[in-house]
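What follows is a short report on a single structure.
Since the structure is predicted, the reported quantities are computational estimates derived from the model, not experimental observations.
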Amino acid sequence: QIATSNKDTGLISASTGIAFGQGSRAPFNVLIKDIGKKRVRVEISYNIGPGSIAPTSAIIENFCKFYNSISPNASDTKNN
């Protein structure tokens, strides 16, 4: 769920539900920076908070889905 976005700064602030979190949400932020030559840098931060756990594989899978929604094959670490 997107909470705010700012085109000038390139920041998107959102939150996602936490499994077994009884309605708790975790912040999910994306920063998009123009680095020239028709390229952008995309940074993602995710914080599940104290006492919560998330499998690393699930986080990586979701980050890859996000990157691939921006650009196909963006998360292909073998070629990027």
Side-chain angles (χ1 to χ4, degrees):
Q1 178 180 3
I2 295 176
T4 63
S5 65
N6 184 312
K7 185 177 180 178
D8 294 331
T9 63
L11 181 64
I12 301 168
S13 296
S15 65
T16 185
I18 300 173
F20 310 112
Q22 300 171 347
S24 297
R25 302 194 66 78
F28 185 90
N29 297 301
V30 180
L31 181 61
I32 303 170
K33 298 179 185 177
D34 182 353
I35 58 173
K37 298 182 182 181
K38 297 183 181 182
R39 296 178 3 168
V40 295
R41 177 182 176 99
V42 179
E43 299 176 14
I44 300 175
S45 64
Y46 178 65
N47 184 347
I48 59 171
S52 299
I53 59 170
T56 301
S57 61
I59 294 171
I60 291 170
E61 179 182 339
N62 284 303
F63 280 14
C64 288
K65 284 180 184 177
F66 179 82
Y67 283 121
N68 284 331
S69 71
I70 296 169
S71 176
N73 304 313
S75 63
D76 181 359
T77 57
K78 294 176 186 159
N79 295 313
N80 293 320

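Counted within 6.0 Å of CD1 on Ile35, heavy atoms from surrounding residues, nucleotides or ligands total more than 12; the atom is thus considered enclosed.
Among all heavy-atom pairs drawn from Ala14 and Asn29, the shortest one is N-OD1, 4.1 Å. In terms of heavy atoms, Asn6 sits closest to Asp8 at OD1-N, 2.9 Å. Of all non-hydrogen atoms in Ser15 and Arg25, the two that sit nearest each other are OG-NE, 2.9 Å.
Residues forming a salt bridge (charged side-chain N to carboxylate O under 4.0 Å, His left out) with Glu61 (at least two apart in sequence, or on another chain): Lys65.
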Could you pull out all donor-acceptor pairs under 3.5 Å where a side-chain atom in residues 37-49 meets a protein atom, sequence neighbours excluded?
unit_1 : atom_1 : unit_2 : atom_2 : d
Arg41  : NE     : Glu43  : OE2    : 2.8
Asn47  : OD1    : Gly49  : N      : 2.8

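No path of Ile, Leu, Val, Met, Phe, Trp and Tyr side chains, each step under 4.5 Å between heavy atoms, connects Val30 with Leu11, placing them in separate hydrophobic clusters.
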